[in-house]
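So the structure is just underneath, and the comments pick up after that.
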Amino acid sequence: MSVDLELESWRREWRVDTEALPELKRRIRGQNRRMIAGAHVILVCLAIATVLGFRQPRSGWGGFAAGVWIATVLASGYTLWVRRGTWATPAATTEAYVELLYRRAVATLRKTVVLGRAMIAVLALYGGWLVLSGRHRTAFSGLVFAAFTVAILLMGVLERRRRRAMEEMTRLVDRASDVAEPSKAKRMDLE
């Protein structure tokens, strides 16, 4: 193989490897923006719960505020634990970005599954408390129970979407590794 043909082959290979990188960067930037927006929504919810809790502490809003804070601390701790290693890429390569997207898809699916199961547990506890306390006949209690039920159903839909995204990322990782493996083999043959 002449040097010019080899150089041209490497250039083509380099261009193929970097074409997907801008799209992957765009997807990761979008995910970063959604994470920041989610953090802002959580802060607003905490502020509203705290204000309601301090304004009417004896009407049950104090317990609501405490529950929101506890749930937020637990969910945030779990989210940070699950998302460890998914904040940035170790290198600016297509393979590193694909791997980051894959790890984020895994973490998001895990978080969604745990959140859905936790909501089912909270609904069961709330339903039990309503029955035992005798407050199950108020419209407000029924509304809260219905809201939790709808949220759990929506969580099931979200879980299915996240599973499809996970499958898509698995296919992308497989494709990226198929592309990366032949190029590694070529480099090893040239040495």
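Model, not experiment: these values are computed from the prediction.
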Exercise for review: Quick one: do Gln31 and Leu101 satisfy side chain to side chain contact (heavy atoms under 4.5 Å, CB included)? Show the steps, please.
Suggested key: CA-CA 9 Å; Gln31 287 177 349; Leu101 282 170; 3.6 Å; yes
Point to revise | Worked verdict on Thr108 versus Arg83 for side chain to side chain contact (heavy atoms under 4.5 Å, CB included) | key: CA-CA 8 Å; Thr108 303; Arg83 293 187 64 93; 3.5 Å; yes
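Under the side-chain contact (heavy atoms from CB on, under 4.5 Å) test applied with Phe148, the options Ile120, Leu153, Leu123 reduce to a single match, Leu123. Among Arg27, Arg161, Arg163, the single residue meeting the salt bridge (charged side-chain N to carboxylate O under 4.0 Å, His left out) criterion with Glu168 is Arg27.
At least one side-chain heavy atom of Trp69 sits under 4.5 Å from a side-chain heavy atom of Thr50. In this structure, Arg26 and Arg29 have side chains that are in contact, with non-hydrogen atoms separated by less than 4.5 Å. Within the 4.5 Å cutoff, the side chain of Met35 has heavy atoms near those of the Asn32 side chain.
The hydrophobic cluster containing Leu74 does not contain Val68, counting ILVMFWY residues as joined when their side-chain heavy atoms lie under 4.5 angstrom apart, directly or transitively. In this structure, Val82 is not a member of the same hydrophobic cluster as Met155, with clusters built from ILVMFWY side-chain heavy atoms closer than 4.5 Å. When hydrophobic clusters are built by joining Ile, Leu, Val, Met, Phe, Trp and Tyr residues whose side-chain heavy atoms come closer than 4.5 Å, directly or via intermediates, Val113 is grouped together with Tyr102. Linking ILVMFWY residues whenever their side-chain heavy atoms come closer than 4.5 Å, directly or via other members, places Trp129 and Met119 in the same cluster. Side-chain heavy atoms closer than 4.5 Å link hydrophobic residues (I, L, V, M, F, W, Y) into clusters, and following such links, even through other members, never connects Ile152 to Val150.
Among all heavy-atom pairs drawn from Met169 and Ala105, the shortest one is CG-CB, 3.7 Å. Closest non-hydrogen pair, Leu109 versus Glu159, comes out as CD1-O, 4.1 Å. A pairwise comparison of heavy atoms in Ile28 and Leu100 identifies CD1-CD2, 3.4 Å as the closest pair. Across all their heavy atoms, Tyr78 and Lys111 have their closest contact at CE2-CA, 4.0 Å. The two atoms that bring Gly53 and Ala65 nearest to each other are CA-CB, 4.1 Å, heavy atoms only.
Classified by interplanar angle (parallel below 30°, tilted 30° to 60°, perpendicular above 60°), the ring pair Tyr126/Phe145 is parallel.
Rounding to the nearest 0.5 angstrom, the gap separating the CZ atom in Arg110 from the CE atom in Met166 is 8.0 Å.
The environment of Arg103 atom CZ is dense: over 12 non-hydrogen atoms of other residues, nucleotides or ligands sit within 6.0 angstrom.
Using modelled atom types, one side-chain atom of Arg84 and one backbone atom of Trp81 make a donor-acceptor pair closer than 3.5 Å.
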